[in-house]
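Note: hydrogens, waters and symmetry copies are ignored here, and every other heavy atom, side chains too, is used. Reminder, nothing fancy here: chain letters follow the sequence lines and each chain counts from 1.
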Protein chains: 4
Amino acid sequence: MSPRRPERRSEEAAQAVVQAALELCQEVGYGKLSIEGIASRAGVGKNTIYRWWPSKGAVLLDGLLSAMSVDASMADTGDIVADLKAQMIAAVGALGDTPLGAQYRALIGEAQHNPELARALLDRFIEPLRTASALRIELAQRKGQIRSDLDSEFLVEMLYGPLYYRLLLTQRVPERARIEAIVDTAFAGIAPS
Amino acid sequence: MSPRRPERRSEEAAQAVVQAALELCQEVGYGKLSIEGIASRAGVGKNTIYRWWPSKGAVLLDGLLSAMSVDASMADTGDIVADLKAQMIAAVGALGDTPLGAQYRALIGEAQHNPELARALLDRFIEPLRTASALRIELAQRKGQIRSDLDSEFLVEMLYGPLYYRLLLTQRVPERARIEAIVDTAFAGIAPS
Amino acid sequence: MSPRRPERRSEEAAQAVVQAALELCQEVGYGKLSIEGIASRAGVGKNTIYRWWPSKGAVLLDGLLSAMSVDASMADTGDIVADLKAQMIAAVGALGDTPLGAQYRALIGEAQHNPELARALLDRFIEPLRTASALRIELAQRKGQIRSDLDSEFLVEMLYGPLYYRLLLTQRVPERARIEAIVDTAFAGIAPS
Amino acid sequence: MSPRRPERRSEEAAQAVVQAALELCQEVGYGKLSIEGIASRAGVGKNTIYRWWPSKGAVLLDGLLSAMSVDASMADTGDIVADLKAQMIAAVGALGDTPLGAQYRALIGEAQHNPELARALLDRFIEPLRTASALRIELAQRKGQIRSDLDSEFLVEMLYGPLYYRLLLTQRVPERARIEAIVDTAFAGIAPS
DNA sequence: CAATAAGCGAGACGGTACGTCCAGTCTTCTT
DNA sequence: AAGAAGACTGGACGTACCGTCTCGCTTATTG
């Protein structure tokens with residue numbers, strides 16, 4: 001009845017592949033990362049990679065997920081502004097100027113012309129983060145800390161957009177003060193007082 | 001003394017290359033775009049491409065620039081909110097759901113792991129747009145239409161960030177109403193009134 | 001002490017393998033014949049093949065033997081010339097322009113660089129035929145129908161050599177008249193009368 | 001007008017390929033000979049091989065031809081029997097128990113299921129030898145040294161057939177005396193005197 | 001006004017990696 | 001306890017491009 005995808009037999013092979021991909025990507029960069037290289041580094045046949053992943057990007061996405069052990073939940077201290085700042089600072093700390101960050105950016109880049117990868121990236125990484133933030137925002141809206149006439153997803157984009165602009169377009173990492181300014185400005189608005 | 005970059009002899013060859021790159025990219029997608037393919041389509045020797053461009057991305061960037069005939073200037077009707085909305089709507093119209101938009105996104109993507117291309121893209125495309133917007137914003141600040149305690153570049157990021165978030169992360173194109181909401185919300189702030 | 005070759009448990013599996021090999025070889029040709037293909041066609045695990053045969057050639061040799069149900073005995077009508085002609089015509093009929101012939105030729109070909117297969121082919125197919133012919137020839141020698149100063153194996157080679165020359169080098173099949181000419185000429189000699 | 005096959009640019013590459021193929025074939029055997037191996041040994045890209053040869057067999061055929069610098073002409077001392085014996089002994093000396101002989105046999109073997117190679121082998125190696133022998137035989141026929149009621153090609157097969165039988169089927173090399181016996185017997189016939 | 005250099009098309013070259021197929025071994029589950 | 005199923009490492013396949021390199025040919029100064 002079910003498609004009967006066979007069980008992944010060799011879990012250690014899978015881990016070796018993902019690990020090798022992460023290492024190699026840091027050593028030679030995403031552009032020169034090759035499935036042959038991953039296979040050889042992992043001591044694995046190429047087929048084993050092709051059996052379980054559709055592209056090198058997919059392997060790297062698995063690597064990203066395992067390395068991040070992504071904590072989608074967002075703190076709730078009662079202070080939405082502080083919570084947002086903390087979350088954004090943490091995110092930039094993890095995915096900013098780090099090897100992992102470079103891989104994340106490369107994945108977003110590859111996704112621009114690889115719809116399959118785009119889907120996977122969205123479903124398994126970006127959406128969970130979006131949702132976590134959106135939920136926290138909705139809570140704040142119910143508490144009257146944020147305008148409640150705005151869609152929570154829209155608010156996520158308003159807040160995180162400036163972060164990604166920096167990350168992807170100028171490839172510089174916003175420092176702490178700038179992140180705090182983003183949140184403060186988003187709350188206060190840019191119209192003259 | 002100087003590297004003696006020779007004059008570009010064959011202007012028509014250059015145009016054929018750029019044109020072929022644009023066409024091919026639309027036909028087969030950025031991922032399958034190859035310099036061999038461009039050369040063959042353009043009826044040009046591979047060397048002619050390597051002589052003038054460092055990578056396929058650079059060719060495509062030239063194509064993007066020529067196709068956009070980028071108008072960096074930003075209208076000034078006196079109403080900064082209207083001008084920003086108009087500019088953003090126009091930008092999304094040109095670079096959103098169009099073939100050119102796909103190429104632009106692919107270039108941003110490639111730039112994530114190709115510093116040389118990142119530099120060129122920034123200098124020749126993104127910065128001019130940023131600057132144009134920044135100048136218009138500074139004018140508005142001087143007129144008291146925008147808070148003047150904020151850096152204009154920062155303001156650009158606050159306004160355009162949400163646009164790029166949609167474009168690059170969810171790969172959906174913000175429709176007109178959403179763009180207007182972005183500007184309005186940026187001005188008004190998201191704090192409860 | 002002995003290698004303990006286990007009993008062949010599944011006789012039907014063995015037959016399915018051999019049958020599948022024959023069919024596949026006719027369909028895709030010896031060069032593209034693979035053990036994987038045979039196993040899958042036969043509905044058999046690859047191991048089952050590796051357990052009983054050392055190479056795809058060995059499987060095919062079994063197929064050849066079973067398909068020929070090789071009749072090593074040679075008719076004895078009393079007329080050695082007629083008997084030789086009949087035997088050679090029959091052989092060419094079976095192994096000449098037929099699917100089975102193509103497989104036989106492929107096996108001889110493979111044997112040129114596969115000593116193990118060469119040995120098996122010789123022992124189980126070629127030698128029995130040689131011996132049958134040699135025995136019939138010795139009988140004829142005793143009856144005074146053939147020179148008795150020549151070794152019977154040598155005579156087999158003199159008679160069958162021209163047949164195989166055609167078969168293996170020019171890959172054309174000698175027709176009936178030519179076969180008869182071979183025998184007649186071998187008897188009469190090529191010296192001018 | 002003509003198909004314009006481009007001139008072979010790098011003659012040294014071609015020679016390196018053929019040389020590497022000969023060496024490797026002797027070292028690892030025809031069965032384990034691979035185009036990758038040849039390319040790597042020759043210090044050549046795989047494409048360079050695929051550009052000029054359709055299969056590893058074709059490379060080896062070139063090697064065989066160059067190593068043999070095939071002398072198709074056949075001596076004419078006036079004594080056809082002696083000439084035939086000399087030619088056959090020489091042929092067996094070159095292609096019998098030698099590395100080159102193993103390659104020749106492997107090529108004949110491969111040709112059994114590779115029609116393209118079969119054609120090339122026939123045209124460039126076997127036919128020239130056949131023709132040389134046939135011409136010499138026709139001369140002898142005109143001199144009355146051989147029955148003239150028989151086709152010269154047929155005679156070639158009668159004489160060389162027993163040689164190839166040994167070579168290809170039993171993979172033993174006929175020694176000098178046996179070769180002489182073949183010729184003598186072919187002339188005298190096997191009918192009792 | 002030759003000659004002489006440069007750019008040009010074409011495409012061969014040594015390479016790297018692709019994605020596929022198969023070899024031969026090993027493991028798991030079924031009968 | 002043998003067999004089917006098929007995952008595993010590994011090697012080679014034949015293809016596509018990479019970026020470099022000759023080739024002749026055309027063109028455009030420049031001695």
Side-chain angles (χ1 to χ4, degrees), chain A residues 4 6-14 16 31-40 42-52 54-56, chain B residues 4 6-14 16-17 32-40 42-52 54-56, chain C residues 6-10 12-14 16-17 32-40 42-52 54-56, chain D residues 4-14 16-17 31-40 42-52 54-56:
Chain A
R4 268 289 276 131
E7 302 308 308
R8 173 166 293 176
R9 290 299 181 79
S10 171
E11 194 48 45
E12 60 195 85
K32 302 201 168 173
L33 185 64
S34 71
I35 289 193
E36 292 224 339
I38 297 171
S40 134
V44 140
K46 280 202 290 177
N47 243 349
T48 300
I49 299 184
Y50 283 111
R51 199 166 5 242
W52 303 113
S55 68
K56 68 174 180 176
Chain B
R4 270 283 282 128
E7 302 308 306
R8 174 165 289 178
R9 285 298 183 81
S10 170
E11 194 49 44
E12 59 195 88
V17 167
K32 301 201 169 173
L33 186 63
S34 71
I35 289 193
E36 293 223 339
I38 297 171
S40 136
V44 139
K46 281 202 290 176
N47 249 347
T48 301
I49 299 185
Y50 283 111
R51 207 178 343 257
W52 303 112
S55 68
K56 68 174 181 177
Chain C
E7 301 309 306
R8 175 165 290 180
R9 283 299 183 83
S10 169
E12 60 195 88
V17 167
K32 302 201 168 173
L33 186 63
S34 71
I35 289 193
E36 291 222 340
I38 297 171
S40 135
V44 140
K46 282 204 291 177
N47 249 347
T48 303
I49 298 185
Y50 283 112
R51 202 172 352 251
W52 303 113
S55 68
K56 68 175 180 177
Chain D
R4 271 287 280 131
R5 204 181 208 286
E7 302 308 308
R8 173 166 291 177
R9 289 300 180 79
S10 171
E11 194 49 44
E12 60 195 86
V17 167
K32 300 201 170 175
L33 185 63
S34 71
I35 289 192
E36 292 224 337
I38 297 171
S40 134
V44 139
K46 279 202 290 177
N47 243 348
T48 300
I49 299 185
Y50 283 111
R51 204 173 353 248
W52 303 112
S55 67
K56 68 175 181 177

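- A close approach under 4.0 Å does not occur between any side-chain nitrogen or oxygen of Arg51(C) and OP1 or OP2 of dA2(F).
- In this structure, Tyr50(B) places its OH atom 11 Å from P of dC17(F), rounding to the nearest Å.
- For the pair Glu12(A) CD and dA7(F) P, the computed distance is 16 Å after rounding to whole Å.
- The two residues Ala42(B) and Ala16(B) make their nearest non-hydrogen contact at CB-O, 3.6 Å.
- Looking at which nucleotide of DNA chain F each of Lys56(B) and Val44(C) is closest to, the 5′-most match is held by Val44(C).
- Between Val17(B) and Ile38(B) the shortest heavy-atom distance is O-CG2, 3.6 Å.
- When the nearest nucleotides of DNA chain F are assigned to Glu36(D) and Gly37(B) by heavy-atom distance, the more 5′-ward of the two goes with Glu36(D).
- In this entry the distance linking CD of Glu11(B) with P of dT27(F) reads 17 Å, nearest Å.
- Residue Lys46(A) places no side-chain atom within donor-acceptor reach of the base of dG10(F), judged by atom type and a 3.5 Å distance cut-off alone.
- Comparing Pro54(C) and Gly43(D) along DNA chain E, the residue whose closest nucleotide (by nearest heavy atom) sits nearer the 5' end is Gly43(D).
- At the phosphate of dC8(E), OP1 or OP2 sits under 4.0 Å from a side-chain N or O atom of Trp52(B).
- OP1 or OP2 of dT9(F) has at least one side-chain nitrogen or oxygen of Thr48(A) nearer than 4.0 Å.
- Here the C1' atom of nucleotide dT9(F) and the CD1 atom of Ile49(A) are 12 Å apart, to the nearest Å.
- Taking 3.5 Å as the limit, the base of dC13(E) and the side chain of Asn47(D) contain no donor-acceptor pair of atoms between them.
- With sequence neighbours left out, Lys56(B) forms a salt bridge (Lys or Arg N to Asp or Glu O under 4.0 Å) with no residue at all.
- If you take NZ of Lys32(A) and P of dG15(E), they are 16 Å apart, rounded to a whole angstrom.
- In this structure, Ser40(C) OG and Lys46(C) NZ are separated by 11.0 Å, a value rounded to the nearest 0.5 Å.
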- Task: Check the pair Ile35(B) / Tyr50(B) against side chain to side chain contact (heavy atoms under 4.5 Å, CB included), numbers first and verdict last.
- Result: CA-CA 9 Å; Ile35(B) 289 193; Tyr50(B) 283 111; 3.9 Å; yes
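- Between the P atom of dA16(F) and the CD1 atom of Ile38(B) lies a distance of 17 Å, rounded to the nearest Å.
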